[in-house]
S.K.: 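Please see the structure below; I have some questions.
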Amino acid sequence: MNKRIKINRLLNAESPMKRVLVKGWVRTRRDSKTFSFIEINDGSCLRNMQIVADASLPDYEEVGKISTGSAVSVSGALVESKGGGQKWEILADEITVIGTAPETYPLQKKRHTDEYLRTIAHLRPRTNKYGAVFRIRSELSWAVHKFFKEKGFHHIHTPILTGSDCEGAGSLFRVTALDLENPPKQDGKIDFSEDFFGTEANLTVSGQLSAEMFALSLGDVYTFGPAFRAENSNTRRHAAEFWMVEPEMAFCDIHGDMDLAEELIRCLVGHALRECAEDLELFAKFVDKSLMTTLEGIVQNEFVRLPYRDAVSILQKASQPFEYPVEFGTDLQTEHERYLTEKHFKKPLIVYDYPKSIKPFYMRVNDDGDTVGAMDALVPGIGEIIGGSAREERPDVLKHRMLELGLPEKDYWWYLESRIFGSAPHSGFGLGFERLMMLVTGVNNIRDVVPFPRTPKNIEF
RNA sequence: UCCCCAGUAGCUCAGUAGGCAGAGCAGAUGGCUGUUAACCAUCGGGUCCGCGGUUCAAGUCCGUGCUGGGGAGCCA
């Protein structure tokens, strides 16, 4: 018996083949008097393979019972199709049902809402749209590694479990091996010295601080892994578990940081356009009619670079009213970011040099003393897709900032030591991988670009 | 967490003025055709999200809870 061949290979065949074997899931069956058409999909591509099953087949009775959703194995000849819709089809000489699907199979041969498909997240990758989403996700994931590999970056596996609530930003998921029914206590409080690590532990919110240590050793590094936020965020762009790409570069300032951010996004979008054309076509057709214009615009045009001070004055001069007032020292609200990227410039932009007062301790203080080398990349439809900064490499300035913000030095002793022993300017950023997926596919809910999304009150599957 | 909207057949939805619960698709059965989300006919299919209230009468009005969605905040 020959080996199974993926449908995408067969659909791109140059010539007929006498004997091929395919395996996949039935999308639809159309019966004639003397034969049946069965369309099967094996996930290798968006398109299905049409199987022609003639009534003369030994098990033709069985063929009539093959239902939508069943897993089947088909062997036969790859021949040019007599019908109009496809170039190739398989003239079956043997069809075996590997796994049946009763009529309660929830996926029908019709359009389903995204909300309904979320309730059957275990089956939704069998639909055209979600199959395409996750093929693109896989391709983009690979493209991230390719991008950094070609630039000489090293991939670092930073820890998922962390011992301190670094950055103090966002609520953390506590990790414990203690008996929650009866935890050990000391002076009325839970005694974490009895816990697995002998101290409090959490899931990481970012690999940045670890990555910095490796940038100051291996030069240019990146991490690509999950991050966890226990924020009670109920929006279409937040998940409790998401993936971040976090490059960190030694001897690099905020401008080099922005250069890399822009190059990364444009390169990844270009990669998707080249390598996922067929799947992207589905999104351009059914999800976002302007998708191709948006994506090609990103690849072809440079991003706007806009200092925060200039962003403020543009917003102050804007003809439309804002709910939140804008002045130096306030953070840009969603409405402001959307105005800048969707109305004023109508393309991606990077805002940089934010006020010190609204940014974390590790961002490098600029010479003006009021701003830090922070940057946010904003794209139409999604908002912030990248947040990054130059890191404060001067130990005295860093300590001063920690004091201002009330962060205990002892918790960051190793971070501070990196500034004492051979400190060097360095910069990095975090790219929200799901937000990139939303940008590339036009899908407007983060829950629909994650295989099994985790959001407040939702961890089924 | 706050504001707004929704919840009716397996799925997508309609349900008028408070008066017997509907369609398309899916499923079953039969027919027809190199078909393309095939087509035609027949049939089966309901805790109208839960609880409480108003009313002779509630899918419909009121209160409340749950679930889902959109927006805001937090951020990637």
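These figures come from a predicted structure and were not determined experimentally. Below, chain A is the first sequence line, B the second, and so on; all start at residue 1. No hydrogens, no waters, no symmetry mates; every other heavy atom, side chains included, goes into these values.
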S.K.: Would you mind reading off the distance between A:Glu337 atom CD and B:A72 atom P, rounded to a whole angstrom?
M.R.: 10 Å
S.K.: So what does A:Tyr116 hit on the nucleic acid, given a heavy-atom distance under 4.0 Å: a base, only sugar-phosphate, or nothing?
M.R.: sugar-phosphate
S.K.: Assign A:Phe429 to base, sugar-phosphate, or nothing according to its heavy-atom contacts below 4.0 angstrom with the strands shown.
M.R.: nothing
S.K.: Answer with yes or no whether A:Gln86 presents, from its side chain, a donor or acceptor under 3.5 Å of a partner atom in the base of B:U35.
M.R.: yes
S.K.: Which part of the nucleic acid, if any, lies within contact of A:Glu89, taking any heavy atom under 4.0 Å across all strands shown: a base, the sugar-phosphate backbone alone, or nothing?
M.R.: base
S.K.: Atom CH2 of A:Trp88 and atom C1' of B:U35: how far apart are they, to the nearest Å?
M.R.: 20 Å
S.K.: Please list, in numerical order, the residues of residues 121-139 of chain A that have a heavy atom closer than 4.0 Å to any atom of RNA chain B.
M.R.: none
S.K.: Between the protein and nucleotides 40-51 of chain B, are there any N/O to N/O pairs under 3.5 Å, and if so, what are the atom names and distances?
M.R.:
none

S.K.: Applying salt bridge (Lys or Arg N to Asp or Glu O under 4.0 Å) as the test, list every pair that has at least one member in residues 441-451 of chain A; sequence neighbours left out.
M.R.: A:Arg118-A:Asp448, A:Arg124-A:Asp448
S.K.: Describe the nucleic acid contact of A:Gln50 in one word from base, sugar-phosphate, nothing, applying a heavy-atom distance below 4.0 Å.
M.R.: base
S.K.: Can you check whether any acceptor in the base of B:C75 is under 3.5 Å from a donor in the side chain of A:Ser233, or vice versa?
M.R.: no
S.K.: Can you list the residues that meet the side-chain hydrogen bond (donor to acceptor under 3.5 Å, both in side chains) rule with A:Tyr352, with sequence neighbours excluded?
M.R.: none
S.K.: Kindly write out the residues that satisfy ring-ring contact (aromatic ring centres under 6.0 Å, His included) with A:His112, not counting sequence neighbours, or none if the list is empty.
M.R.: A:Tyr116
S.K.: Assess whether a salt bridge exists between A:Asp279 and A:Arg137, defined as any Lys/Arg side-chain N lying under 4.0 Å from an Asp/Glu carboxylate O.
M.R.: no
S.K.: For A:Leu436, which contact category applies under a 4.0 Å heavy-atom criterion: base, sugar-phosphate, or nothing?
M.R.: nothing
S.K.: With sequence neighbours excluded, give me every salt bridge (Lys or Arg N to Asp or Glu O under 4.0 Å) pair touching residues 35-47 of chain A.
M.R.: A:Arg30-A:Glu39, A:Arg47-A:Glu278
S.K.: Under a 4.0 Å threshold between the charged nitrogen and the carboxylate oxygen, would A:Glu80 count as salt-bridged to A:Lys87?
M.R.: no
S.K.: Once you apply a heavy-atom cut-off of 4.0 Å, does A:Ala239 come out as touching a base, just sugar-phosphate, or nothing?
M.R.: base
S.K.: Nearest-Å distance, NE2 (A:His112) to C1' (B:G10)?
M.R.: 9 Å
S.K.: To the nearest angstrom, how far is A:Asp257 atom CG from B:A76 atom C1'?
M.R.: 15 Å
S.K.: For A:Glu323, answer base if it contacts any base atom (sugar-phosphate contacts may also be present), sugar-phosphate if it contacts only those atoms, and nothing otherwise; contact means non-hydrogen atoms under 4.0 Å.
M.R.: nothing
S.K.: Within this structure, what is the CZ-to-P distance between A:Arg47 and B:A37, rounded to whole angstrom?
M.R.: 15 Å
S.K.: Distances for protein N/O vs nucleotides 67-70 of chain B N/O pairs under 3.5 angstrom?
M.R.:
from  : atom 1 : to       : atom 2 : distance (Å)
B:G69 : OP1    : A:Arg118 : NH1    : 2.7
B:G70 : OP1    : A:Asn445 : ND2    : 3.0
B:G70 : OP2    : A:Asn445 : ND2    : 3.4

S.K.: Side chains of A:Gln208 and A:Glu212: is there a donor and an acceptor less than 3.5 Å apart?
M.R.: yes
S.K.: Please enumerate all residues that pass ring-ring contact (aromatic ring centres under 6.0 Å, His included) together with A:Phe345, with sequence neighbours excluded.
M.R.: none
S.K.: Any side-chain N or O of A:Thr113 below 4.0 angstrom from OP1/OP2 of B:U12?
M.R.: yes
S.K.: For A:Phe153, which residues count as a ring-ring contact (aromatic ring centres under 6.0 Å, His included) partner, sequence neighbours excluded?
M.R.: A:Phe148
S.K.: Between B:G71 atom C1' and A:Phe322 atom CZ, what is the distance in whole Å?
M.R.: 16 Å
S.K.: Determine the contact category for A:Gly387: base if any of its heavy atoms lies under 4.0 Å from a base atom, sugar-phosphate if only primed atoms, P, OP1 or OP2 are that close, otherwise nothing.
M.R.: sugar-phosphate
S.K.: Expressed in angstrom and rounded to an integer, what is the separation of A:Arg237 atom CZ from B:C75 atom P?
M.R.: 12 Å
S.K.: Would you indicate, yes or no, if B:A72 has its OP1 or OP2 atom less than 4.0 angstrom from a side-chain nitrogen or oxygen of A:Gln333?
M.R.: no
S.K.: State yes or no: are the ring centers of A:Tyr222 and A:His145 separated by less than 6.0 Å?
M.R.: yes
S.K.: If the P atom of B:G59 is compared with that of B:G71, how far apart are they to the nearest Å?
M.R.: 34 Å
S.K.: Answer with base, sugar-phosphate or nothing: what part of the nucleic acid does A:His238 contact at a heavy-atom distance below 4.0 Å?
M.R.: base
S.K.: Can you find a donor-acceptor N/O pair under 3.5 angstrom joining the side chain of A:Ser81 to the base of B:G34?
M.R.: yes
S.K.: Holding to side-chain hydrogen bond (donor to acceptor under 3.5 Å, both in side chains), I want the full list of residues that pass it with A:Glu342, two or more places apart in sequence or in another chain.
M.R.: A:Arg338
S.K.: Applying salt bridge (Lys or Arg N to Asp or Glu O under 4.0 Å) as the test, list every pair that has at least one member in residues 261-271 of chain A; sequence neighbours left out.
M.R.: A:Lys151-A:Glu263, A:Glu262-A:Arg266, A:Glu262-A:Arg305
S.K.: Provide the full list of ring pair (Phe, Tyr, Trp, His ring centres under 6.0 Å) pairs with a residue in residues 425-449 of chain A, sequence neighbours left out, each pair given once.
M.R.: A:Phe224-A:Phe433
S.K.: Could you work out the separation of B:C13 and B:U8 based on their P atoms and round it to a whole Å?
M.R.: 9 Å
S.K.: Please determine if a side-chain N or O atom of A:Arg30 lies less than 4.0 Å away from the OP1 or OP2 oxygen of B:U35.
M.R.: no
